[in-house]
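If you're wondering where the values come from, they're calculated on a predicted model, not measured in any experiment. Chain identifiers are assigned alphabetically (A, B, ...) following the order of the sequence lines, protein sequences preceding nucleic acid strands; residue numbering begins at 1 within each chain.
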2 protein chains.
Amino acid sequence: MKDKKIANNIRTLRFQNGEMTQAELAEKVGVTRQTINALEAAKYSPSLELAFKIAHVFGVGLEEVFQYQD
Amino acid sequence: MKDKKIANNIRTLRFQNGEMTQAELAEKVGVTRQTINALEAAKYSPSLELAFKIAHVFGVGLEEVFQYQD
DNA sequence: TTTCTATGTAACATATTTTTTACATCACGT
DNA sequence: ACGTGATGTAAAAAATATGTTACATAGAAA
């Protein structure tokens, strides 16, 4: 999957959920702070599992967090 | 993301969409036939991008193809 | 200013996903 | 029987995601 055309609202959702920090979100989904940071910076897109976990933490559907533009 | 608890309906959706073969689906989403085969066999879960592409081919939402059981 | 917290970033290591190549079986049509 | 298309499978390599460690900056608060 060469081209990375997946956008996400992680940053926005973090602030909509009680000023959650990158570290807090990371801890809740079981990855490191750097991974969350890289995702917000869109350096790469997460695994499907991680995407599901993040959406779950925010209590929304996966497609409300990640959007694919084709 | 150690634990693989993502189920999918790829096989069912292939047959609901005009008897699409694994090779045809693979070609449409830009991966090899073996990758589709491995996904149907749930050997691993796909990247988020591949998941989006597959859902798009079937014209459904991502969560109608892949389900995360936590 | 000093301290603390959140964040950005980079190099290297490990894990996971995907490709490539190859061979096997099964069903179907001829 | 033979050829063909669809599928299952496997090993090794390539690509990508994630972890670890470490250092940097910016802002807030004291």
**OP:** Please lay out, stage by stage, how A:Leu48 and B:Leu50 fare under the test side-chain contact (heavy atoms from CB on, under 4.5 Å).
**Re:** CA-CA 9 Å; A:Leu48 188 52; B:Leu50 181 51; over 6 Å; no
**OP:** Give the C-alpha distance, both sets of side-chain angles, the deciding distance and a yes or no for side-chain contact (heavy atoms from CB on, under 4.5 Å) between A:Phe52 and B:Glu63.
**Re:** CA-CA 10 Å; A:Phe52 268 119; B:Glu63 297 175 272; 4.1 Å; yes
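Side-chain atoms of A:Val31 lie closest to D:dG19 of the nucleotides D:dG19, C:dT20, D:dA22. Checking C:dA22, C:dT19, C:dT9 against the side-chain heavy atoms of A:Gln34 singles out C:dT9 as nearest. The side chain of B:Gln22 has D:dT7 as its nearest neighbour among D:dT7, D:dT18, C:dA10. The B:Ser47 side chain lies nearest to C:dT17 when the options are C:dG8, C:dT20, C:dT17. Listed nucleotides D:dT7, D:dA22, C:dT17 differ in distance to B:Tyr44; the shortest reach to its side chain belongs to C:dT17.
Looking at heavy atoms from C-beta onward, A:Asn9 lies in side-chain contact with A:Gln67 at the 4.5 angstrom threshold. For the pair A:Leu13 and A:Ile54, the minimum side-chain heavy-atom distance is 4.5 Å or more.
Atom pair B:Leu50:CG and D:dA17:C1' shows a separation of 15 Å (rounding to whole Å applied). Distance CD (A:Glu24) to P (C:dT7): 9 Å, rounded to an integer number of Å. The distance between atom CD of B:Glu40 and atom P of D:dA6, rounded to the nearest whole Å, is 14 Å. Rounded to a whole Å, the CG atom of A:Leu39 is 14 Å from the P atom of C:dT9. In this structure, A:Glu19 places its CD atom 16 Å from P of C:dT5, rounding to the nearest Å. Taking atom CZ of residue B:Arg14 and atom C1' of nucleotide D:dA6, one finds them 9 Å apart after rounding to whole Å. Here C:dT7 presents its P atom at 15 Å from CD of A:Glu27, a figure rounded to the nearest Å. In this structure, A:Ile10 places its CD1 atom 15 Å from C1' of C:dT7, rounding to the nearest Å.
The 5' end of DNA chain C is approached more closely, in terms of each residue's nearest nucleotide, by A:Phe15 than by the other of B:Pro46 and A:Phe15. DNA chain C is contacted by both A:Arg33 and B:Arg33; A:Arg33 maps to the nucleotide lying nearer its 5′ end (nearest heavy atom per residue).
OP1 or OP2 of C:dT18 has not a single side-chain nitrogen or oxygen of B:Thr32 nearer than 4.0 Å. Checking the phosphate oxygens (OP1, OP2) of D:dG8, a side-chain nitrogen or oxygen of B:Asn37 falls inside 4.0 Å. Contact check, A:Ser45 against D:dA17: a side-chain N or O comes under 4.0 Å of OP1 or OP2.
Using a 4.0 Å heavy-atom distance criterion, A:Thr21 is classed as a sugar-phosphate-only contact.
Between B:Arg14 and the options B:Glu24, B:Glu40, B:Glu19, a salt bridge (charged side-chain N to carboxylate O under 4.0 Å, His left out) holds for only B:Glu40.
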